[in-house]
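Counting from 1, the numbers follow the sequence of the chain as shown. Whatever order the structure lists them in is the order used to number ligands and atoms, beginning at 1. Keep in mind the model is a prediction, meaning the values are calculated, not measured.
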Amino acid sequence: MSEDLERKIKVLERKLRLFEEAMHQTTVLRKKYDEARKSLKSMNTQLEQKVVERTQKVEDERQYLQAVINSVENPILVIKEDYSVDLMNSSLYKKIDFSLVKDVNNPKCYEVSYGRSTPCHHDNHPCLLQKVLATKKHEKSVHMYFDKNDEKHYVERSASPLFDKENRCIGIIESANDVTEYLEVQDELREQKSVLDFQAHHDALTGLPNRLLFNDRLNQSIEKAKRNKEGLAVFFIDLDRFKEINDSLGHKSGDIVLQEVSSRITSIIRKEDTVSRLGGDEFTILMTELNRAQDASLLAQKILDVLSEPIKIEKNTLYVSSSIGISLFPQDDTDAQNLLKYADAAMYKAKAEGRNNFQFYSSEMTQMAFEHVAMEASLRQGVDNGEFIVYYQPQIDGESGQFLGMEALVRWNHPTLGMVYPLKFIPLAEEIGLIIALDRFVMKTAMKQIVEWYAKGLSPGVMALNLSMKQLHQKDFMDVVKNMLEETQCKPEWIELEVTESNIMTNPEDTIKLLHQLTDIGIKLAIDDFGTGYSSLSYLSRLPIDKLKIDKSFIQELPFHQEDVAITRAVIALSKSLNLRVIAEGVETKEQKDFLVANGCKSIQGYFYARAMSYDNLEKMLTATS
Ligand code: C2E
Ligand code: MG
Ligand code: MG
């Protein structure tokens, strides 16, 4: 064998060995591959098995959740964040008819609507779902709706946000509860409670507050009165001889009388006052915001009057009178129980005084009240009976002695008291409104009188009349004045109206307007009692006045009292600078007159020349000077 062949055989043998090696390795790899494939296949089968198991588990859990939700009696709803319904229980349909509808205010959002109702249609019903999404908190609301049968229901909705593991809000769970019955029961209970409350605090027969409520209000009012520095009055009213009515006509009639008494008293007290029945024939009144004790006596008199009106029960006409005791806070006491005790004691005093009257706990108060009440009755009667007369006080030029005019001053010629002066009755007449009739009478009498004097060829000058504010503020006042001028043929320039300074300054704006209406028709105006009323100088320059009348209190001690001298001089200077005339009243001595004239105030009114006198005396004076 050639070397060449041998070498070739060796090469071939090496190649064969390499090939066999490669073959061997391929077989090994193949084996490994088969093994790997096998293992992957088995893993896949296992995974598939797991997925199936998981899916089953989720489905089971969902079914379990649905079963749980279904087992709950109340409607439950699970909504996803996109407002799609995820879960809900079937009882929802049976119990409460509901739907998810677009919110009327915000169409991108949905809201649960129950029965026939529009969600979010008014402010006090905010959309619950939106609220939960916004706050991410549990929220509640009560929602009214009508069911298919048009019956009203209330549903209490309760909604909470649902979160995932990353704490992201993924939906809402809402449950609802029909609380109609519960609310109805609550209403009923509340009503029963208020009935019981009323019964506990009121008298069954008359419906008036009872002792308990009265005491409560009295205590509260005392506290309020202390804070506001006001007064109050406690009345104790006892019917006279009520026992006789009960004994003779029976309790039924007695009850009717008590009811009638209760409604009569209620009809005359103010709504802020309290009337109560303590029991039997005893009533009490709490009068609050009392500024003057006289107001208590006015009310007491009104009660006596209203209760003494006959009461008709079937065929019987009964006359019931009452005795009233009054105690005052803070004068008599500041303690509620003591005030009641004192009013009771005063009531016994009224019984002892012969019944059908009222008494204050303090005897001075009773005295004052009687004078006031008697005076009021007598004043009204006096106007009706023409007991008032007009006196005239001359006004004289202190330099020349010439007659300038006069002031009309009213007098009361009382049948038993004799001549009564205005300071005794004008404040009361103002208070009870009688001043209007009185001033109209004075005005008409004085107008007639001055016309008569001019007609007789005398020179009475100007007639000054005092004008009450009440009169000026009457709606028909201007018409009354114009009619009177026309009727009596009195010229407006013969009349001067005096208004007191303090009166003008209480309500200057309105008063200025009214006063202008008077000057527009030619009537002159004077400010009376000047210097006593704290005039504002700015108002003074705007008033359509003609004259200042220096108050007599500054004149009395002239020319010796330094301050009065200074004030009088200042008023005279003021009148000059405002281009007003000036007159002094209450001039009694020559020194006073001389001082005034020397300082530029020539018009004088006062006892130095003459007192106020009757028309015939004044006529004599006029005749002598004309
Ligand atoms: P007045 O308008 O300031 O009247 C002046 C008062 O001073 C009058 O008192 C008069 O008699 C009194 N008097 C006059 N000269 C003297 C004097 O030299 N010395 C003293 N000490 N007093 C003098 P009178 O008549 O008692 O009137 C008092 C007040 O009653 C009047 O004050 C006036 O405000 C009011 N008045 C009088 N009559 C009426 C009226 O008819 N209607 C209205 N609304 N008020 C009237
Ligand atoms: Mg006057
Ligand atoms: Mg005066």
Heavy-atom pairs closer than 4.0 Å: do any link ligand 1 to the side chain of Val442, the backbone, both, or neither? side chain

Ligand 1 to Glu588 polar contact by distance, N or O atoms, under 3.5 Å: yes

Per residue Glu407, nearest N, O or S atom to the Mg ion (ligand 2) is named OE2

Between Asp551 and ligand 1, which part of the residue brings a heavy atom under 4.0 Å of the ligand: side chain, backbone, both or neither? neither

Side chains of Leu286 and Asp273: does their closest heavy-atom pair fall under 4.5 Å? no

Taking the non-hydrogen atoms of Glu407, is any one of them nearer than 4.0 angstrom to ligand 1? yes

Proximity of Gln605 to ligand 1 by residue part, where a heavy atom lies under 4.0 Å: neither

State whether the number of non-hydrogen atoms from other residues, nucleotides or ligands found under 6.0 Å of Lys547 atom NZ is greater than 12. yes

Is the distance between the ring centroids of Phe388 and Phe425 under 6.0 Å? yes

Does any N, O or S atom of Glu498, backbone or side chain, fall under 2.8 Å from the Mg ion (ligand 2)? yes

Nearest protein heavy-atom contact for atom 38 (N) of ligand 1: which residue, which atom, what distance? Val410 N, 3.2 Å

For Glu407 and Asn466, does a side-chain donor sit closer than 3.5 Å to a side-chain acceptor? yes

Assess Gly586 for proximity to ligand 1: is some non-hydrogen atom of it under 4.0 Å away? yes

Walk me through whether Asn219 and Glu223 qualify under side chain to side chain donor-acceptor pair (under 3.5 Å). CA-CA 6 Å; Asn219 279 310; Glu223 289 313 311; over 6 Å; no

Does any N/O atom on Arg411 come nearer than 3.5 Å to any N/O atom on ligand 1? yes

If you scan protein heavy atoms around atom 40 (C) of ligand 1, the nearest is Asp439 OD1, 3.6 Å

Could you say whether the N/O atoms of Lys552 and ligand 1 ever approach to under 3.5 Å? yes

Distance alone, cut at 3.5 Å: any donor-acceptor contact between the side chains of Asn291 and Glu289? no

Looking only at protein heavy atoms, which one is nearest to atom 29 (C) of ligand 1, and what is the separation? Leu423 CD2, 4.0 Å

Looking at atom 1 (P) of ligand 1, is any protein heavy atom nearer than 4.0 Å to it? yes

Nearest 0.5 angstrom please: Arg277 CZ to Arg211 CZ, how far? 11.5 Å

Option set Phe608, Tyr609, Tyr607, criterion heavy-atom distance to atom 13 (N) of ligand 1, minimum: Tyr607

Taking the Mg ion (ligand 2) as the vertex, what is the angle from OD1 of Asn466 to OD2 of Asp528, given to 10 degrees? 90°

Protein heavy-atom partner closest to atom 15 (N) of ligand 1 - residue, atom, separation in Å: Gln393 NE2, 2.9 Å

Checking Asp240 against Ser323: is there a side-chain donor and acceptor pair closer than 3.5 Å? yes

Ignoring hydrogens and angles, state whether a donor on the side chain of Lys552 or Gln605 is under 3.5 Å from an acceptor on the partner side chain. no

Who gets closest to atom 24 (P) of ligand 1 by heavy atom: Pro394, Ala610, Ala464, Pro422? Pro422

Mind checking whether Tyr392 and Trp453 have parallel, tilted or perpendicular rings, split at 30° and 60°? perpendicular

At what distance, to the nearest 0.5 angstrom, does OH of Tyr391 lie from CZ of Arg411? 7.5 Å

Answer yes if a protein heavy atom lies under 4.0 Å from atom 32 (O) of ligand 1, otherwise answer no. no

Heavy atoms only, cut-off 4.0 Å: how does Ile426 contact ligand 1, side chain, backbone, both, or neither? side chain

For Pro209 and Arg217 the tightest heavy-atom approach is CG-NH1, 4.1 Å

Heavy-atom contacts under 4.0 Å between Gln471 and ligand 1: side chain, backbone, both, or neither? neither

Any N/O pair Glu585/ligand 1 closer than 3.5 Å: yes

Carefully, step by step, assess Ser276 and Thr284 under the rule side chain to side chain donor-acceptor pair (under 3.5 Å). CA-CA 5 Å; Ser276 86; Thr284 49; 2.5 Å; yes

Looking only at protein heavy atoms, what sits closest to atom 34 (O) of ligand 1 is Asn466 OD1, 4.3 Å

Answer with side chain, backbone, both or neither: which part of Asp528 has a heavy atom less than 4.0 angstrom from an atom of ligand 1? side chain

